[in-house]
Colleague: 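Shown below is the structure under consideration.
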Amino acid sequence: MSVTAPSAGPPARSGKAAALGWLLTIGLNVVAPIVTYNTLTEDHGWSEFSALLLSGAWPVLDTAVMAAWRRKVDEFAVVTLVFLVITAVVSLFGAHTARALLVKDSGVTGLFGLLCLGTLLAPRPLMFYFGRKFATDGTPESTAWWNGMWQYEGFRSTMRTMTLVWGVAYVAEALTRIALAYALPTDTMVVVSPVMIYGVLAALGVWTAWFGRRRAAEGARRAAEAEASAAATAA
């Protein structure tokens, strides 16, 4: 009989380690690329493609820092780098009209959705690595605990389901935005597009938190039932 949930909980989180890790992550993967891109395109006349590629140096630096500090690759930085490369490549194709730029933005999120779906064929799906980034403080103890959770069938099912939902949602969001880009006036779509982007992200975040708590509660219930059944049998 397969076990669906662990009996031991996660180790205590180190607030200092978590705060420092997130400071580096946000600074090098979000703030620095945005500042670099805006500075190069607006102040120095760089092309979108060149600016995006150079912005990708920051996630590479984050990966190197994490590898030296914690002896592991920061998956969040890798995904950020992939996202920047996808955006840079998409920016090369087609015209640079307002409608074309809206379609290109949709192509980026759609490709991210396909990336999620593609990792379902990998040994571990993308949400396993995202979950490890958000659910642990990055210390060896918490990372080992998260990695050890993979032995449980319920945990594996949860990670794959989350990855599937994120992938399908972003592919659907991209196709919808592409259709709307041609159906709606450009000035209307300029407002609708970011609302859709952040709305889908917020909805997925809320659903992921709810689904994770639900699966954890189900796993704890099954574990308690199994322990009670084993105790009754032993008695």
Colleague: For the pair R214 and W210, evaluate side chain to side chain contact (heavy atoms under 4.5 Å, CB included) and give the outcome as yes or no after the intermediate values.
Modeller: CA-CA 6 Å; R214 176 185 173 186; W210 170 82; 3.2 Å; yes

Colleague: Closest approach of W146 and A135, non-hydrogen atoms and distance?
Modeller: CZ3-CB, 3.6 Å

Colleague: Going by heavy atoms in the side chains, are I34 and Y37 under 4.5 Å from each other?
Modeller: no

Colleague: Has the side chain of Q151 got a donor or acceptor atom that lies under 3.5 Å from a matching backbone atom of G148?
Modeller: yes

Colleague: Measuring only between side-chain heavy atoms, which start at C-beta, is R156 closer than 4.5 Å to Y152?
Modeller: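 Heavy-atom side-chain distance check fails, nothing below 4.5 Å.
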
Colleague: Look at the side chain of S157 and the backbone N and O of E153, then say whether any donor-acceptor pair between them is shorter than 3.5 Å.
Modeller: no

Colleague: So how far is it from T119 OG1 to R160 CZ, rounded to the nearest 0.5 Å?
Modeller: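 The CZ atom of R160 is 10.5 Å from OG1 of T119, to the nearest 0.5 Å.
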
Colleague: Do V206 and V200 belong to the same hydrophobic cluster, where Ile, Leu, Val, Met, Phe, Trp and Tyr are linked whenever their side-chain heavy atoms lie under 4.5 Å apart, directly or via other members?
Modeller: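 No, no single cluster joins them.
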
Colleague: Grab the two heavy atoms, one from W58 and one from P33, that are nearest each other, plus how far apart they are.
Modeller: CD1-N, 3.9 Å

Colleague: For V35 and T39, work out which heavy atoms get closest and say how close.
Modeller: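 Taking every non-hydrogen atom into account, O-OG1, 2.7 Å.
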
Colleague: Once rounded to the nearest 0.5 Å, what's the spacing between atom CH2 of W46 and atom OG1 of T36?
Modeller: 10.0 Å

Colleague: Can you name the nearest heavy-atom pair linking P125 to T163, along with the distance?
Modeller: CB-OG1, 3.2 Å

Colleague: Might you work through the side chain to side chain donor-acceptor pair (under 3.5 Å) test for T208 and W166, ending with a clear yes or no?
Modeller: CA-CA 9 Å; T208 300; W166 277 69; 2.8 Å; yes

Colleague: Without swapping roles, check the side chain of T136 against the backbone of R132 for a donor-acceptor pair under 3.5 Å.
Modeller: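 Yes; at least one donor-acceptor contact below 3.5 Å.
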
Colleague: Check for me whether R124 meets the cation-pi criterion with F128, that is, NZ or CZ under 6.0 Å from the six-membered ring centre and within 45 degrees of the ring axis.
Modeller: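 Yes; both conditions hold, so R124 lies above the ring face of F128.
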
Colleague: State yes or no: do I197 and F130 share one hydrophobic cluster built from I, L, V, M, F, W and Y residues joined by side-chain heavy-atom distances below 4.5 Å, directly or via other members?
Modeller: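 No, because I197 and F130 fall into different hydrophobic clusters, even though each may have its own neighbours under 4.5 Å.
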
Colleague: How are the rings of W150 and F155 set relative to one another: parallel (under 30°), tilted (30 to 60°) or perpendicular (over 60°)?
Modeller: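 Correct class here is perpendicular.
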
Colleague: Could you please spell out the steps behind the side chain to side chain contact (heavy atoms under 4.5 Å, CB included) verdict for W207 and M162?
Modeller: CA-CA 9 Å; W207 175 84; M162 287 180 175; 4.1 Å; yes

Colleague: Give the cluster check for L126 versus L164: same hydrophobic cluster or not, with ILVMFWY residues linked at side-chain heavy-atom distances below 4.5 Å.
Modeller: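 Cluster IDs for L126 and L164 match.
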
Colleague: If you round to the nearest 0.5 Å, how far is CG of N147 from OG of S142?
Modeller: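 Nearest 0.5 Å value for the OG-CG distance: 9.5 Å.
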
Colleague: Is the closest side-chain heavy-atom distance between M127 and T158 below 4.5 Å?
Modeller: no

Colleague: For a quick test of your reading: what N or O donor-acceptor pairs under 3.5 Å do the side chains of residues 169-182 make, sequence neighbours left out?
Modeller:
residue : atom : partner : partner atom : Å
E173    : OE1  : T109    : OG1          : 2.9
E173    : OE2  : R177    : NE           : 2.5
E173    : OE2  : R177    : NH2          : 3.3
T176    : OG1  : A172    : O            : 2.8
R177    : NH1  : S193    : OG           : 2.7
R177    : NH2  : D105    : O            : 3.3
R177    : NH2  : T109    : OG1          : 3.1

